[in-house]
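One structure is given here, and the rest of the page talks about it.
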There are 2 protein chains.
Amino acid sequence: MVGDVGDLYQALADHTRRLILDELTERDGQTLFEICGRLATKHQVTSSRQAISQHLDVLEAAGLVVTRRQGRYKFHHLDTRPLRAVTERWLRSAEPTQENP
Amino acid sequence: MVGDVGDLYQALADHTRRLILDELTERDGQTLFEICGRLATKHQVTSSRQAISQHLDVLEAAGLVVTRRQGRYKFHHLDTRPLRAVTERWLRSAEPTQENP
DNA sequence: ACCATATGCAAGTGACGGCTTGCCTATCAA
DNA sequence: TTGATAGGCAAGCCGTCACTTGCATATGGT
């Protein structure tokens with residue numbers, strides 16, 4: 001197996017990892033160095049390259065990121081399908097605008 | 001303010017807290033003792049009452065649970081509206097059943 | 001071959017989170 | 001008032017997590 005249910009929520013628990021998902025949403029298929037650069041310039045993330053690499057490993061284990069090697073580059077692609085589990089678990093029957101008595 | 005964006009994901013990061021949300025989805029407005037009982041019998045959660053109480057505090061800080069006092073009882077109600085932030089952040093343009101090439 | 005680029009592996013550290021333990025407060029019924 | 005029920009506060013322990021540091025591997029250009 002590639003990861004249990006808890007890995008998804010664990011992956012989302014970190015601020016930097018959520019920023020990585022934001023960046024991949026804006027521009028899919030970036031390399032590690034591209035992501036590092038964007039996090040530093042746009043979000044003032046001062047973490048080292050290894051830290052970002054470890055974050056990407058967590059995101060990949062959660063199924064939110066899939067990687068594709070090409071030569072010495074490794075491109076990271078976003079996969080938002082696991083996120084639907086969140087919606088389907090608790091938002092099933094709730095109405096968007098519900099009044100409380 | 002009642003909590004920043006990160007509190008929501010932090011609240012979802014714990015397994016026991018997700019089980020609490022499950023139980024409140026199935027039966028809304030339970031007391032602390034009711035939740036403790038259901039977690040113990042249905043999910044083999046051996047945590048103490050104080051542990052569950054602290055979990056409920058985290059869920060309330062994240063805006064996922066709202067409480068209502070009545071005498072010596074404190075009823076916990078589910079509010080799933082904060083969960084929509086997850087959908088709107090990363091699932092904006094993705095289609096529900098999308099094929100990958 | 002040589003060097004720069006792009007990434008990987010592994011050990012160590014500091015802080016935060018989940019849990020327990022112990023005691024305290026508040027409400028209701030007899 | 002007394003006792004039982006429902007919940008709250010606070011300190012401490014321990015494991016996990018994010019991060020750094022140092023070194024290693026692999027690809028591409030010259």
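The closest side-chain heavy-atom distance from V86(B) to L91(B) is not below 4.5 Å. Residues T80(A) and T25(A) are not in side-chain contact: their nearest non-hydrogen atoms beyond the backbone lie 4.5 Å or more apart. Using a 4.5 Å heavy-atom cutoff, the side chains of R38(B) and V45(B) are not in contact. Side-chain contact between I35(A) and L24(A) is present, with at least one heavy-atom pair separated by less than 4.5 Å. Taking the side chain as every heavy atom from C-beta outward, L32(A) and K74(A) never approach each other to under 4.5 Å.
Checking the phosphate oxygens (OP1, OP2) of dG17(C), no side-chain nitrogen or oxygen of H55(B) falls inside 4.0 Å. For dC19(C), one of the phosphate oxygens OP1 or OP2 lies less than 4.0 angstrom from a side-chain nitrogen or oxygen of S47(B). Dashed line: the shortest gap from a side-chain N or O of S48(A) to OP1 or OP2 of dT20(D) is under 4.0 Å. Between S53(B) and dG8(D), a side-chain N or O to OP1/OP2 separation shorter than 4.0 Å is present. Phosphate proximity of dA4(C) to R72(A): absent, as no side-chain N or O sits under 4.0 Å from OP1 or OP2. Listed pair H15(B) / dG18(C) fails the phosphate criterion, with no side-chain N or O lying under 4.0 Å from OP1 or OP2. When the side-chain nitrogen and oxygen atoms of K74(B) are compared with OP1 and OP2 of dG8(D), one or more of them lie within a distance under 4.0 Å.
R68(B) has its CZ atom 12 Å from the P atom of dG7(D), to the nearest Å. D7(A) has its CG atom 14 Å from the P atom of dT16(D), to the nearest Å. Atom P of nucleotide dG17(C) and atom OH of Y9(B) are separated by 18 Å, given to the nearest angstrom. Rounded to whole Å, atom P of dA26(D) lies 19 Å from atom CD of Q70(A). Nucleotide dA6(C) holds its P atom 9 Å from the CD atom of E34(A), rounded to whole Å. Note: CD (Q30(B)) to P (dA6(D)) measures 14 Å, nearest angstrom. Atom CD1 of I52(A) and atom C1' of dG8(C) are 16 Å apart (whole Å). One atom, CZ of R17(A), and another, C1' of dC19(D), lie 12 Å apart when rounded to the nearest Å.
Looking at Q30(A), R18(A), H43(A) one by one, the single match for side-chain hydrogen bond (donor to acceptor under 3.5 Å, both in side chains) with E23(A) turns out to be H43(A).
A donor and an acceptor atom sit less than 3.5 Å apart, one in the side chain of Q54(A) and one in the base of dT20(D). A donor-acceptor contact under 3.5 Å is formed by the side chain of R49(B) with the base of dG8(D). For R69(B) against dG7(D), no side-chain N or O and base N or O form a donor-acceptor pair under 3.5 Å.
Annotation: of the two residues near DNA chain D, Y73(B) and V58(A), the 5′-most nearest-nucleotide partner is Y73(B).
Comparing dC19(D), dT27(C), dA18(D) against the side chain of T16(A) picks out dC19(D) as the nearest. When distances are taken from the side chain of Q50(A) to each of dA18(D), dA6(D), dC9(C), the shortest belongs to dC9(C).
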